[in-house]
Amino acid sequence: MRLATAAMLVATTVAACGGGGQDDGAKASAPKAPATIPELTKDPLTLSFIWFDWPPAHALEAFANAEYKKERPNATIKVNTVPNANWHDAMFTQFAAHKTDFDIPILDSQHIGEAVTNGNILDITDFVKKNIDVKAYNPYLLAAYGQFPQAETGKRDENASLYGLPLLGDTWTMIYRKDLIGDKPPQTWDEMIAVAEKCQKNNPGVSGLAFHQANGSDAAAVTYNTVNGIYGGNLWDPKTRKINGVINDAAGQEAMDVLVNKMKPLTAKGSGNWFIDEVNAAVAQGKACIAFNWIAASGGLLDPKQSTLGTSREQILDKLGFATLPTQKTNLVPLGGMGMHVSAYSPQANQAEALNFMKWFERADIQKKWAAAGGVPSRTDALESPEFLNAGPFNQVYTDSVPRMRDMWNVPEYARLVDIENTNVNAALNGAKKPKDALDDIAKEQQGVLDSGSGKGGGGL
């Protein structure tokens with residue numbers, strides 16, 4: 001789906017202001033999906049997803065059409081993609097119109113509150129109880145990708161409703177040049193900065209670090225949130241919904257100082273708006289000593305056609321290493337990944353097919369096949385399986401990182417909160433604001449959004 005008409009562009013502007021076209025204070029309830037999957041059609045049917053344009057989206061379409069068709073030959077899977085920066089608005093524009101050309105929206109964990117509050121997706125609690133083995137998952141992953149309101153971070157409330165199921169797990173991996181800094185990765189954040197500084201000094205033309213800085217999607221915000229967590233900070237107090245005085249406390253200020261004054265000087269000139277693709281390009285071209293990126297976006301680094309580090313996967317892996325994030329005051333890492341949901345505006349036959357697909361996809365054997373095809377599963381048995389661990393050099397990083405994860409704010413106002421943080425962190429990284437002023441502005445502006453918002457949701461950092 002592309003935002004092609006003026007009317008849709010206007011609607012996008014409205015949706016981006018929060019609430020997806022409905023007042024944040026609204027308390028609409030999501031319609032319930034049946035516990036038992038309705039009779040499936042025998043007619044040809046296209047089951048449409050919407051996601052942003054990156055390798056896992058294309059892998060999902062190829063995988064589903066190869067495997068799901070074995071059980072449902074009349075069904076065709078189509079994964080429509082949009083640029084990452086347009087992803088939220090592309091979905092919520094259609095939600096606001098109460099008409100979607102997709103059946104399964106793939107939502108970030110933080111999008112769920114907005115979709116539930118506006119009644120855009122189905123409540124699948126009864127369906128999950130009857131069809132899904134919830135004990136097969138780390139409770140945090142099941143909560144993060146489907147539960148609203150969110151429970152306390154790291155815990156699932158078994159009495160809360162579920163609105164989605166895991167599609168793709170993810171977190172950051174540290175990517176490092178073994179040929180430049182040695183086989184052993186840095187163990188602490190401070191050590192990592194020191195190693196990157198030395199590597200940059202000893203290798204002219206190679207930057208010490210490469211990481212997300214862009215003012216778009218959640219790029220700069222996730223970078224700051226990661227450093228904030230590593231240095232013992234918090235984004236907010238979910239119980240009191242207090243941000244001002246929490247994110248900009250001493251730990252938060254230290255994290256912003258580390259990011260802007262110690263990490264930023266080790267990045268390449270012109271990198272102030274880098275995101276996933278730019279970081280990967282710097283690594284593949286041999287221009288970074290240490291980099292951070294999402295695991296699900298790292299597969300291309302092993303492709304000799306995209307790399308100057310070797311003419312084979314083996315040669316590239318002689319130079320590249322992948323490790324869990326270093327620790328400092330804590331060992332926290334960012335939760336990535338997304339869940340599958342069912343559009344409340346999809347035709348009944350397509351809703352039934354969507355539920356059937358979700359039940360099929362979450363099976364243990366299918367999750368292992370998805371892992372082998374390049375996906376990042378969420379079932380514990382799949383995460384620990386040879387199919388997953390042997391599929392990529394960074395997959396063990398993900399499995400080891402799951403107990404360390406924490407998320408952002410899971411509230412209907414998420415889109416506005418992340419926009420405020422992206423804008424200000426990006427400004428600090430690019431010298432347009434002093435680090436302390438940027439953090440204080442984040443705290444003040446985000447607090448204003450929460451104070452005028454729905455009061456629903458919780459969890460996160």
If you round to the nearest 0.5 Å, how far is [atom2] of [Y] from [atom1] of [X]?
X    : Y    : atom1 : atom2 : value
L450 : K242 : CG    : NZ    : 13.0 Å
Q110 : M338 : CD    : CE    : 9.5 Å
Q147 : L142 : CD    : CG    : 8.0 Å
K368 : E384 : NZ    : CD    : 10.0 Å
L332 : M405 : CG    : CE    : 11.5 Å
L235 : L417 : CG    : CG    : 9.5 Å

Distance-only, no hydrogens or angles: does the [X] side chain make a donor-acceptor pair with backbone N or O of [Y] under 3.5 Å?
X    : Y    : answer
N331 : T327 : no
N228 : N234 : yes
N138 : Y140 : yes
Q367 : A382 : no
N65  : I77  : yes

- Query: Stepwise, does the side chain to side chain donor-acceptor pair (under 3.5 Å) test hold for Q213 with S271?
  - Reply: CA-CA 7 Å; Q213 304 179 48; S271 63; 3.1 Å; yes
- Given the rule in the side chain to side chain donor-acceptor pair (under 3.5 Å) test, do T188 and D190 qualify, once you have shown the distances and angles that lead to the verdict? CA-CA 5 Å; T188 70; D190 287 351; 5.8 Å; no
- Message: Is it the case that atom NZ in K69 sees more than 12 heavy atoms from other parts of the structure closer than 6.0 Å?
- Response: yes
- In terms of heavy-atom contacts, does CD of E158 have more than 12 from other residues, nucleotides or ligands at under 6.0 Å? no
- Message: So that I know where these two stand, are F95 and F102 an aromatic pair - ring centroids less than 6.0 Å apart?
- Response: yes
- Item | Y137 ring center within less than 6.0 Å of Y145 ring center | no
Sub-4.5 Å side-chain heavy-atom contact between [X] and [Y]:
X    : Y    : answer
E254 : K329 : yes
I247 : Q447 : no
V425 : M256 : yes
N410 : I112 : no
W87  : D108 : yes
N293 : F394 : no
M340 : E362 : yes
I50  : T100 : no

- Is the closest basic N to carboxylate O distance between D440 and K444 below 4.0 Å? no
- Task: Given side chain to side chain donor-acceptor pair (under 3.5 Å), test D407 with S109 step by step and report yes or no.
- Result: CA-CA 8 Å; D407 205 357; S109 57; 2.6 Å; yes
For a quick check under 3.5 Å, do [X] and [Y] share a side-chain donor-acceptor pair by atom type?
X    : Y    : value
N120 : Y163 : no
E114 : N118 : no
T171 : S401 : no

- Query: Looking at residues at least two apart in the chain, or sitting in another chain, which of them share a ring pair (Phe, Tyr, Trp, His ring centres under 6.0 Å) with Y345?
  - Reply: H98
Report the relative orientation of the aromatic rings in [X] and [Y]; use parallel for angles under 30°, tilted for 30 to 60°, perpendicular for over 60°.
X    : Y    : result
F361 : F357 : parallel
F292 : W172 : parallel
F63  : W370 : tilted

- Can you check side-chain contact (heavy atoms from CB on, under 4.5 Å) on V128 and L165, steps first, answer last? CA-CA 9 Å; V128 170; L165 288 169; 4.0 Å; yes
- Run the side-chain contact (heavy atoms from CB on, under 4.5 Å) check on F49 and E61 step by step: do they pass? CA-CA 9 Å; F49 291 66; E61 183 174 282; over 6 Å; no
- Item | Least distance between heavy atoms, T226 atom then P334 atom | OG1-CG, 3.5 Å
- Grab the two heavy atoms, one from A115 and one from I121, that are nearest each other, plus how far apart they are. CB-CD1, 3.8 Å
- Message: Under the criterion side-chain contact (heavy atoms from CB on, under 4.5 Å), I'd like the reasoning laid out for N248 against Q253: C-alpha separation, chi angles, the key distance, then a yes or no.
- Response: CA-CA 6 Å; N248 54 339; Q253 294 287 359; 4.0 Å; yes
- Which is it for D103 and N350 under the side chain to side chain donor-acceptor pair (under 3.5 Å) test, yes or no, and what are the steps along the way? CA-CA 7 Å; D103 309 301; N350 294 57; 3.2 Å; yes
- Query: Given Y414 and W409, is the side-chain contact (heavy atoms from CB on, under 4.5 Å) satisfied, shown in steps?
  - Reply: CA-CA 7 Å; Y414 164 76; W409 343 263; 3.5 Å; yes
